[in-house]
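Count residues from 1 along the sequence.
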Amino acid sequence: MIILGLIVVIYLLTGLLSGSIFQPDLLVLIFFGAKENRLIGQGEYWRLLSATLLHGNLIHIFFNSFALYSLGPESERIYGTRRFLALYTLAGLGGSVASYLLSPAPSVGASGAIFGLIGGLGIFFFLNRRALGEFGLAQVQIIVSIAVINLII
């Protein structure tokens, strides 16, 4: 919930500074730490993490926040706070590194971290599918739905 609150506060701040709560200005996002390959190439490696706290528009933050709200508490209950934070942070970092290597365009968002949670929960429910029965199957269906929505976005 702390991560979710931080993401929302930062989004509101970038929106207010941009003059549009619907879509923050790219220059404001870059100032706040968007993934910008040229700046990362100049040594601003912190952008690989800060970009995961930023979002490009209202729909983007809504769906990532919904996914974090849906998957975060369950991931933390299953893995514990430290492992949850490690999974979330490393997956977010991995997503930013992949974006850095594969796309020259500036980018923001927590999608890499969200997909890390999806993977972590998917593995847990797959490994425990017999013990969890119908509940485990329902959880896998929810996880797949969230993954598809995030892929579409």
Side-chain angles (χ1 to χ4, degrees), residues 1-124 138-153:
M1 288 300 155
I2 292 171
I3 296 170
L4 182 57
L6 184 61
I7 287 171
V8 169
V9 167
I10 292 171
Y11 181 79
L12 292 173
L13 186 57
T14 60
L16 289 171
L17 290 173
S18 298
S20 172
I21 202 71
F22 298 104
Q23 186 165 0
D25 185 73
L26 178 59
L27 292 176
V28 172
L29 292 173
I30 290 173
F31 176 78
F32 272 79
K35 186 224 64 152
E36 214 302 315
N37 287 10
R38 183 182 55 79
L39 297 173
I40 293 169
Q42 293 174 357
E44 295 184 15
Y45 303 115
W46 54 272
R47 290 178 176 279
L48 295 169
L49 284 177
S50 62
T52 66
L53 298 172
L54 301 167
H55 289 81
N57 59 50
L58 200 55
I59 293 170
H60 187 206
I61 191 171
F62 175 78
F63 281 108
N64 272 350
S65 295
F66 173 74
L68 180 56
Y69 180 80
S70 299
L71 303 173
E74 188 167 14
S75 297
E76 189 173 6
R77 274 192 301 278
I78 289 170
Y79 291 110
T81 301
R82 285 184 178 172
R83 287 185 179 152
F84 163 78
L85 287 173
L87 174 62
Y88 186 87
T89 302
L90 291 173
L93 180 61
S96 290
V97 169
S99 177
Y100 174 76
L101 295 173
L102 300 173
S103 172
S107 68
V108 294
S111 296
I114 298 300
F115 279 106
L117 297 182
I118 289 169
L121 286 172
I123 289 169
F124 174 82
Q139 293 302 97
V140 169
Q141 290 171 339
I142 290 169
I143 290 167
V144 168
S145 298
I146 291 172
V148 168
I149 289 169
N150 273 282
L151 282 172
I152 291 170
I153 291 172

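The two residues Ser107 and Ala51 make their nearest non-hydrogen contact at O-CB, 3.8 Å. Considering all non-hydrogen atoms of both residues, Pro106 and Leu26 come closest at CB-CD1, 4.0 Å. Between Leu29 and Gly56, the shortest heavy-atom distance links the atoms CD1-CA, 4.2 Å.
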- Message: Show, in sequence, the C-alpha distance, side-chain angles and deciding distance for Phe124 and Gln139, and conclude whether the side-chain contact (heavy atoms from CB on, under 4.5 Å) test is met.
- Response: CA-CA 10 Å; Phe124 174 82; Gln139 293 302 97; over 6 Å; no
- Verdict with supporting geometry, Gln141 and Val144, side-chain contact (heavy atoms from CB on, under 4.5 Å): CA-CA 5 Å; Gln141 290 171 339; Val144 168; 5.8 Å; no
- Message: Let's go through Phe32 and Val108 carefully: what are the C-alpha distance in whole Å and the side-chain angles of both, what is the deciding distance for side-chain contact (heavy atoms from CB on, under 4.5 Å) to 0.1 Å, and is it a yes or a no?
- Response: CA-CA 10 Å; Phe32 272 79; Val108 294; over 6 Å; no
- Message: side-chain contact (heavy atoms from CB on, under 4.5 Å) for Leu68 and Asn64? Distances and angles first, verdict last.
- Response: CA-CA 6 Å; Leu68 180 56; Asn64 272 350; over 6 Å; no
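Contacts classified as side chain to side chain donor-acceptor pair (under 3.5 Å) and involving residues 26-43 (residues at least two apart or in different chains) are given here: Lys35-Asn37, Lys35-Ser99. Within the structure, every pair that satisfies the ring-ring contact (aromatic ring centres under 6.0 Å, His included) test and touches residues 33-59, not counting sequence neighbours, is listed here: His55-His60. For residues 40-61, the set of pairs meeting the salt bridge (Lys or Arg N to Asp or Glu O under 4.0 Å) definition, not counting sequence neighbours, comprises Glu44-Arg47. Evaluation of the salt bridge (Lys or Arg N to Asp or Glu O under 4.0 Å) test over residues 89-116, restricted to residues two or more places apart or in two chains, returns none.
Two residues are said to be in side-chain contact when any heavy atoms from C-beta on lie closer than 4.5 Å; Ser96 and Leu49 fail this criterion.
Going from atom CD1 of Ile118 over to atom CD1 of Ile123 covers 12.0 Å, rounded to the nearest 0.5 Å. One finds the CZ atom of Phe63 at 10.5 Å from the CG atom of Asn57 (value rounded to the nearest 0.5 Å). Summarising the geometry, atom CD1 belonging to Ile59 is positioned 9.5 Å from atom CD belonging to Gln23; distances are rounded to the nearest 0.5 Å.
The local environment of CZ in Phe66 is sparse, with at most 12 non-hydrogen atoms from other residues, nucleotides or ligands closer than 6.0 Å. Within 6.0 Å of atom CD1 in Ile2, 12 or fewer heavy atoms from other residues, nucleotides or ligands are found, so the atom counts as exposed in its surroundings.
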Between side-chain atoms of residues 81-89 and protein atoms elsewhere (two or more places apart, or another chain), which donor-acceptor pairs fall under 3.5 Å?
unit_1: Thr81; atom_1: OG1; unit_2: Glu76; atom_2: OE2; d: 2.6
unit_1: Thr89; atom_1: OG1; unit_2: Leu85; atom_2: O; d: 2.8

Throw together a table of side-chain donor-acceptor distances under 3.5 angstrom for residues 5-13, partners on residues two or more places apart or in other chains.
unit_1: Tyr11; atom_1: OH; unit_2: Ile21; atom_2: O; d: 2.6
unit_1: Tyr11; atom_1: OH; unit_2: Phe22; atom_2: O; d: 3.3
unit_1: Tyr11; atom_1: OH; unit_2: Leu58; atom_2: N; d: 3.0

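Evaluation of the side-chain contact (heavy atoms from CB on, under 4.5 Å) rule for Ala91 yields no partner, not counting sequence neighbours. Residues passing the side-chain contact (heavy atoms from CB on, under 4.5 Å) test with Leu90: none are found, sequence neighbours excluded. Remark: Leu121 engages Leu71, Glu74, Ser75, Ile78, Phe125, Ile143 in a side-chain contact (heavy atoms from CB on, under 4.5 Å) (not counting sequence neighbours). Contacts of Ser18 classified as side-chain contact (heavy atoms from CB on, under 4.5 Å), with partners at least two apart in sequence or in another chain: Pro24, Asp25, Val28.
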